[in-house]
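Below: one structure, written as C-alpha cells.
One-based numbering, in listed order, for ligands and for the atoms of each.
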Amino acid sequence: MAATTRADVSNFEIVSHYFDVAAERLGMRDDVADVLRSSYREVQVQVAITQGDGRIHTYRGYRVQHNGARGPYKGGVRFHPEVDLEEVRALAQLMTWKTAVVGIPFGGAKGGVNCDVNELESDEVQKIARSFMDKIEKVLGPTRDIPAPDVGTNAQTMAWLMDEYGKLHGHTPAVVTGKPIELEGSYGREAATGRGLIYMLREAGPHIGLSAAETRIVIQGFGNVGSWAARISHQLGCPIVGISNVDGAIRNDEGIDVDRLMSFLHDEGGKLTDFKDADAIEPDALLAIPCDVFIPAALGGMIHKDNAHLLDCKMIIEGANSPTTPAADEILTEAGVYIVPDVMANAGGVVASYFEWVQNLQHFRWDEREVNDKLGNVLRRSFRDVAERANRDKTSLRMASYELGIERVLQAAKTRGYIGG
Ligand code: GLU
C-alpha cells in the first residue's frame, strides 16, 4: 500500500477498537458497554436536488446522535463523497468522548452528506444544505442537537443551515455553531481547532523536552484545521518544514512562509506544489521529513501499519479525527512517539462551539481574546487531567482520554437513571 493512501481499517473499526480496550481496562460490564457503544438515534435521509446540468442528483444524508447523557447532542456535518452511516456513527461516538474529556455539557453526534463539494457549484451546495436541514430539523434544536462545520463544510454552510431551520422555527442562532461572525458566529471559532492543537503542543512539549518556539512541524492537510495550526505556530516562530493538501506536498527545511503560502493559495489561486519558496515532493515523502511534531489534519486512517514506520517525529498531535489506526498507534508508541490523541487534541473546535452556543443563548458577544483565553483554560485543564491519569495508570494519553471520557458519560447516565447498577 502506498504511504499516503488510507488504511483498509475504517473510522468505525478505529473508534470501536479504542472503546473496547478502554471498556475492558475499566472493567465495564458487557451489557453496559453495549449501551455506550451503540447510537441513541440514527437518521438517514434522501437529499435530492436539481443541479446545473438539469438532472436530479440523489445523495444520502445522515445524522447520528450517539449519546446524550451529558447534554444536547453536538457535532459537525461532513460533506464528503466517502460519508456513509458507519463513518458518521464512528465520528458521532468520538464526539461523545471528546465533549466529556474536555468537560463541556454536550453529548456526541455527527452528520454528513455523501456529496463532493469540489465538483459542485456554490448554489448546488446551498440546495444540499437546505434540503438536508429540511429532513433532519425535527431531531435538532438548541437543547436537542447542534450541528457545526466539519470536512467539506464551513461558516457559509452553517449560515444556510441556520437560515433553513429559522424558516420553520423562527430565528434560532443557537441551533448551529461555526456560523459567520455577521450571523452571530463567535470570534475565534474558525481558528479554534488549529489554535487548540498549538495549546496542546505548548502543554505536551515540556513532557518530552520540546519548547514550542523552536519546534519543527510538518502538517498533513491544509484545510481549516491544518492551515490555522500552521498560521498560529508560524507566528510563534516554529519552522513549518512540510505541508500537504489534496494537490500534493511541499518541503522547506528552513521553514515555509505560511502567510505567503496562504495568499498564494487563496488570493492568487495558486496550487500548493507550484509555491516557489518550497520544494514540491512526492506526497509519500511528507511523512518521512524529520521534524519534532507531525500534525495529521486530513482524513481518518492516514497513518497506518504500512506507513507508520516512515514517520520521523517525536510527537503527533491529531488534528483530524481517527487519523491513526490501532496498528500504527502501537508501532509509533513502541518507537517512543508521544501521541496527543484526536479526542482531546482537536477538541478546540467543539469547545469554541460551546462558547458560541453560550453567547447565542445569552445574546451577548465576547471578544476574541476572551474566547481564546477561555479556550486555553479548558484545553490546558483537559491536558493536565489526561496526562495525570496516563502517568498514574502508566498508559497512553489516548487510553487515559477514552477512559476519562467514558467514565464521565457513564457517571452521568447512571445519575440520570439511564443505566442502573
Ligand atoms: N467537527 C468538529 C469536531 O469534529 C467540531 C464539532 C463542533 O463544533 O460541534 O470536533
Which residues pass the side-chain hydrogen bond (donor to acceptor under 3.5 Å, both in side chains) test with R384, sequence neighbours left out? E203

Not counting sequence neighbours, which residues clear side-chain hydrogen bond (donor to acceptor under 3.5 Å, both in side chains) with W228? List them please. E190

Run through ligand 1 for me and note each protein residue having a heavy atom under 4.0 Å from it, chain first, then residue number. K74, G75, G76, M95, K98, K110, A148, P149, D150, R189, N321, G349, V350, S353

Got more than 12 heavy atoms from elsewhere within 6.0 Å of CZ, R408? yes

Quick one: does NZ or CZ of R380 land under 6.0 Å from the six-membered ring centre of Y199, within 45 degrees of the ring axis? yes

How far apart are the C-alpha atoms of L140 and M133, what are their side-chain angles, what is the distance that settles it, and do they pass the side-chain contact (heavy atoms from CB on, under 4.5 Å) test? CA-CA 9 Å; L140 303 183; M133 175 53 89; 3.6 Å; yes

Could you pull out every donor-acceptor pair under 3.5 Å between side chains of residues 106-121 and any protein atom, sequence neighbours left out?
from: K110; atom 1: NZ; to: D150; atom 2: OD1; distance (Å): 2.9
from: N114; atom 1: OD1; to: R60; atom 2: N; distance (Å): 2.9
from: D116; atom 1: OD1; to: N118; atom 2: N; distance (Å): 3.1

